[in-house]
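What follows is a single structure, written as structure tokens, with notes after it.
Within every chain, numbering begins at 1; the chains are lettered A, B, ... in the order of the sequence lines, protein sequences first and strands thereafter. These numbers were taken from a predicted model, which means no experiment stands behind them.
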Amino acid sequence: MSEIYNHHVVEKKWHKIWDEEKPFKATTDYTKPKYYALVEFPYPSGQGLHVGHPRPYTALDIVSRKRRMQGYNVLFPMGWDAFGLPTENYAIKNKIHPAAVTKNNVARFKDQLKSLGYSFDWDREVNTTDPNYYKWTQWIFLKLFKAGLAYKKEMPINWCTSCKVGLANEEVVNGVCERCGSEVVRKVKSEWMLKITDYADKLIDGLNEVDYIERVKTQQKNWIGRSEGAEVDFKLNGLDETLTVYTTRPDTLFGATYMVISPEHPLIDKYKDKIENFDEVVSYREAAAKKSDFERTELAKDKTGVALKGITAINPVNDEIIPVWISDYVLMSYGTGAIMAVPAHDSRDYEFAKVFNLPIVQVVEGPEGACDLEKEAFTDVYTGTMINSGFLNGLSVEDAKVKIKDFLEEKKIGHRKVNYKLRDWVFSRQRYWGEPIPIIECEKCGFVPVDESELPLLLPEVESYVPTDNGESPLAAMTDWVNVKCPCCGGPAKRETDTMPQWAGSSWYFLRYTDPDNDKEFASKEALNYWMPVDWYNGGMEHTTLHLLYSRFWHKFLYDEGYVTTSEPYQKRTSHGMILGSDSQKMSKSRGNVINPDDIVRDYGADTLRTYEMFIGAFDLAASWQEDGVKGCRRFLDRIWKLQDLLVDGDAYDKDNETKIHQTIKKVTNDFENLKFNTAIAAMMELVNVFYKDKKVNKAEYDVLLKLLNPVAPHITEEIWEILGHDNHIYNETWPEYDEAKTVEQTIEIAVQVNGKMKKTINILLDSAKEDVLAEAKEQVKGSLEGKTIVKEIYVPGRIVNLVVK
RNA sequence: GCAUCAGUGGCGGAAUGGCAGACGCAGUGGACUCAAAAUCCACCGGUAGCGAUAUCGUGAGGGUUCAAAUCCCUCCUGAUGCACCA
């Protein structure tokens, strides 16, 4: 009898061997076929590893280990996305340098990851807070600046009126400061921006070249939100002023019965003398300033607004005089900050018109019954016909759009315009723990880049990490550091004191892994050429819009500048679902449903945790943690271990098991590539059940099972492999092959239905003739056919018989 | 509010146009044991029936099809993201 499997001893033993032998090191032999598997590097938080982390890591560890056995030179790296707010807040609270906090957290994370037996190439570890790393983050920023893609703009920030600091959105809870509970307002500040909108079309078009899962592509496209519409100029009545609006529905121009501008629109102050109710307007604007864009559109049901009394506009197509309102559902950040309102054909305008009793003029007629303007706006663009619209009458919406755009351009009252929901990237943070922005502001020369030879521009030591009272970053208090000579004219100048957002370091880290110690370039051309693109990148759905888009943007920029050789960074992108608590709620301290992976590793072993997280459910869906399920996976591994007691001689698969084994190899091989880790494990469980039923397993069968399971549970399988007397390790073995012909059963069972209802199953030979199968089927369901006539006979070969009777 | 995704036994889930519930957990019965745990074996959606079997059943309602968990429409519920958390 074999001894009971001791995961403590076995896992420790193999960690030591892997550390010493480094079998998972990516080689610089650029003649071998390469495979670059990437997981999003974690933010090393003070809480340590969450049970959510191992899910994607194990998945790509499986893929990496399998690919190595298939002969690839695999790059599977890990690093730390270590700048960020929580570290800084912890540092402020405990008066510890954020670098020290980061160092501790990284050490903890690394220990935890090592305890899980991942095949990361630890020699290529990167850390975004390492000056040797952020040197290149700053370098890329300078390239963006020099290419005209970085600029400064006045942007609103969240401002706590009591703490007198700028707050992250996350620090604003229900409109008040998370720390002190005081009121938070929007305050305008000049901030660095990156012109990602210049890349909007490239970011959409690039999606055609890559194999991202469909929902990721869809979400990216929707986030960029390209729309083709028109800008239309409305003259203000009695003033020498035009108000330009952006609309995707210029075809409904005849139905524009009023206009709405954003409360922040510059026109308001410009014409404050003309606005009779200016006080009312100002107080509305102040109220709106307290709301985020999100709140403003969320509260869409209860439309609010104020008419600009004394200001009216002229509809350019029918010369009607129409009122101008302000309302917070119009955002300054999208389009021109002004809209023409067509209440009959836009639901937001409709609600607004209903609240304030504004006229609703129908200009598109839908099919009979499709349109009831008493109840709601008619927004369908596919079935409508134009009415009440002068020269557009009788046209379809589609044709009307073309004709009105031609008309606008001809009469010079508007033009075609492509718009994006995507906004430029706010790149400034008034924080300490980030990359300093390497720009010097000179009164004479303006913004002057720090010379590349001076990079990295190090974060200076400061006494306090708390942002200053006027909302500047803590760096602003370091006058020695701030006051410099202008590199251009030698005159007095000041350093930029804002730092970069945490997104900066993560926008190019995958490039650094290819050549992490290079101090001449961010990575050598040779390394980039060989390793890029990333073959498979997995990360959370929550990064689909921001991180994924930002990093694609930087990569495309570097491609345009000739620094990288592929236009897209990632060939394949998948996303994993969250691991929820046993109550199917997100794990959080306050809910008390948090599971610590260390406890699972201690009690059941790393292999069990890995197996369980892969078995828990469909990889891309959320799954809830069940301690009993963990036990089941440990039981499965114990059954694998105890197969040692059923071992018999045999160099070939048992004849009776041959089909099952080839089927299992096929299923596991394919499922690992298709994110179906749960069914791959289920298939291996079935195979184990077969061996238990037979009360025997031969050497050839055991070997193949161990190889298939190795990527999932590397420690136990290596140990058994050694016990079985092999003189090598599994990681030196090649991945099992299957013979397609041997995966096919000769006799199959198919269902017989009568009128689509399952009645019986019959066993047939795979190559049986249709007539024979139908005859056998009719014989078997005789009872159900009595007194009926067969009107149709359906036989889908190898699948089903369906007899339609009357 | 907008966007994306999901809803199947007591539970986690499988099946994505062809036998609903693979696999696992829990449960029930049996073997082993003085006994328990562990382990091994068997059963395991509801209703009716001793049974063969019949019938219902994949969030709700409708539709397409010989055939729908799967495709289409309407609705309900939940999860995630929403640009300064990462």
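Aromatic ring centroids of A:Tyr612 and A:Tyr604 lie 6.0 Å or more apart. Ring centers of A:Tyr465 and A:Trp433: at least 6.0 Å apart, outside the cut-off. Between A:Phe615 and A:Phe677, the distance from one ring center to the other does not fall under 6.0 angstrom. Checked against the 6.0 Å centroid criterion, the rings of A:Phe510 and A:Tyr537 do not qualify as a close aromatic pair.
Using a 4.0 Å heavy-atom distance criterion, A:Glu40 is classed as making no nucleic acid contact. Within the nucleic acid shown, A:Leu803 has no heavy atom closer than 4.0 Å to any nucleic acid atom. When heavy atoms are screened at a 4.0 angstrom cut-off, A:Ser506 is found touching no nucleic acid atom at all. If you check every strand for non-hydrogen atoms under 4.0 Å, A:Lys189 touches nothing. Looking at heavy-atom distances under 4.0 Å, A:Glu542 makes contact with a base. Nucleic acid contact for A:Arg639: sugar-phosphate only, since backbone atoms but no base atoms lie under 4.0 Å from a heavy atom of the residue. Using a 4.0 Å heavy-atom criterion, one finds that A:Leu546 contacts the bases of the nucleic acid, with or without backbone contacts as well.
Taking a cutoff of 4.0 Å between a charged side-chain nitrogen and a carboxylate oxygen, A:Lys303 and A:Glu351 qualify as a salt bridge. Comment: A:Arg573 engages A:Glu40 in a salt bridge, judged by a side-chain N to carboxylate O separation of less than 4.0 angstrom. A salt bridge links A:Glu686 with A:Lys660: at least one charged nitrogen is closer than 4.0 Å to a carboxylate oxygen. Note on A:Asp638 versus A:Arg634: salt bridge recorded, some NZ/NE/NH1/NH2 to OD/OE distance being below 4.0 Å. Salt bridge A:Glu154/A:Lys189: absent, no basic N to carboxylate O contact under 4.0 Å.
A:Glu191 contributes a side-chain N or O that forms a donor-acceptor pair with the base of B:C84 under 3.5 Å. One N or O donor and one acceptor, one from the side chain of A:His543 and one from the base of B:A86, sit under 3.5 Å apart.
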Legend entry - Protein proximity profile, nucleotides 66-75 of chain B - base contact B, sugar-phosphate-only contact S, no contact -, cut-off 4.0 Å on heavy atoms: BS--------

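Rounded to an integer number of Å, the gap from CG of A:Asp671 to P of B:G13 is 17 Å. Rounded to a whole Å, the CZ atom of A:Phe352 is 16 Å from the C1' atom of B:G1. Following rounding to the nearest Å, A:Trp503 (CH2) and B:C85 (P) show an atom-to-atom distance of 8 Å. Atom OH of A:Tyr329 is separated from atom C1' of B:G1 by 14 Å (rounded to the nearest Å). Separating the OH atom of A:Tyr692 from the C1' atom of B:A42 is a distance of 17 Å, rounded to the nearest angstrom. For A:Arg55 and B:G12, the CZ to C1' distance is 11 Å, given to the nearest whole Å. Going from atom NZ of A:Lys221 over to atom C1' of B:G81 covers 19 Å, rounded to whole Å. Counting to the nearest Å, the P atom of B:A15 and the CG atom of A:Asn678 are 7 Å from each other.
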Inset, instruction - Map every base of RNA chain B to its dot-bracket character, where paired means a Watson-Crick or G-U wobble contact with both distances under 3.5 Å and | marks a partner outside the strand. - result: (((((((..(((.....[....))).(((((.......))))).((((....))))..(((((..]....))))))))))))....

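Of the side-chain N and O atoms in A:Asn169, one or more sit less than 4.0 angstrom from OP1 or OP2 of B:A83. The side chain of A:Lys757 places no N or O atom within less than 4.0 Å of a non-bridging phosphate oxygen (OP1 or OP2) of B:G57. Contact annotation: A:Lys667 does not reach the phosphate of B:A14 (side-chain N/O to OP1 or OP2, under 4.0 Å).
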Inset, instruction - Would you please test A:Gln753 and A:Leu803 for side chain to side chain contact (heavy atoms under 4.5 Å, CB included) and show each step? - result: CA-CA 6 Å; A:Gln753 300 180 331; A:Leu803 302 170; over 6 Å; no

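Atom name P, nucleotides B:C23 and B:A83: the rounded distance is 46 Å, in whole Å. Nucleotides B:A6 and B:A14, compared at atom P, are 12 Å apart to the nearest Å. Nucleotides B:G21 and B:A69 have their C1' atoms positioned 11 Å apart, rounded to a whole Å. Using P as the reference atom, B:G12 and B:C5 are 23 Å apart when rounded to the nearest Å. A gap of 24 Å separates the P atoms of B:C43 and B:G49, to the nearest Å.
Among the nucleotides B:C19, B:C41, B:G24, the one closest to the side chain of A:Met685 is B:G24. For A:Thr545, the side-chain atoms get nearest to B:G81 when compared with the rest of B:C40, B:A86, B:G81. Nearest nucleotide to the side chain of A:Ala618, out of B:A86, B:A15, B:A14: B:A14. Candidate nucleotides B:C19, B:A14, B:C23 were compared by shortest atom distance to the side chain of A:Met758, and B:C19 ranks first. For A:Phe615, whose side chain is taken as the heavy atoms from C-beta onward, the closest listed nucleotide among B:C11, B:C23, B:A86 is B:C23. Which of B:A86, B:A14, B:A42 sits closest to the side chain of A:Lys693 comes down to B:A42.
For A:Arg799, the CZ atom sits in a loose shell: 12 or fewer heavy atoms of surrounding residues, nucleotides or ligands are nearer than 6.0 Å.
Between the side chains of A:Gln220 and A:Arg552, at least one donor N or O sits under 3.5 Å from an acceptor N or O.
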Please list each protein N or O that sits under 3.5 Å from an N or O in nucleotides 25-28 of chain B, with the distance.
{"unit_1": "B:C25", "atom_1": "OP1", "unit_2": "A:Arg635", "atom_2": "NH1", "d": "2.7"}

Set out, line by line, the N/O atom pairs under 3.5 Å between protein and nucleotides 2-8 of chain B.
{"unit_1": "B:A3", "atom_1": "O3'", "unit_2": "A:Asn222", "atom_2": "ND2", "d": "2.7"}
{"unit_1": "B:A3", "atom_1": "O2'", "unit_2": "A:Asn222", "atom_2": "ND2", "d": "3.4"}
{"unit_1": "B:U4", "atom_1": "OP1", "unit_2": "A:Asn222", "atom_2": "ND2", "d": "3.2"}
{"unit_1": "B:U4", "atom_1": "O4'", "unit_2": "A:Gln219", "atom_2": "OE1", "d": "2.9"}
{"unit_1": "B:U4", "atom_1": "O2'", "unit_2": "A:Gln219", "atom_2": "OE1", "d": "3.4"}

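Taking syn as a glycosidic angle within 90° of 0, B:G51 does not qualify and is anti.
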Using residues 191-199 of chain A as the side-chain source, report each donor-acceptor pair under 3.5 Å to any protein atom, sequence neighbours left out, with the distance given to one decimal.
{"unit_1": "A:Glu191", "atom_1": "OE1", "unit_2": "A:Gln430", "atom_2": "NE2", "d": "2.9"}
{"unit_1": "A:Trp192", "atom_1": "NE1", "unit_2": "A:Glu496", "atom_2": "OE1", "d": "2.7"}
{"unit_1": "A:Thr197", "atom_1": "OG1", "unit_2": "A:Asp424", "atom_2": "OD1", "d": "2.7"}
{"unit_1": "A:Tyr199", "atom_1": "OH", "unit_2": "A:Asp560", "atom_2": "OD2", "d": "2.8"}

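Residues satisfying the side-chain contact (heavy atoms from CB on, under 4.5 Å) criterion with A:Asp671, sequence neighbours excluded, are A:Lys667, A:Lys676, A:Thr679, A:Ala680.
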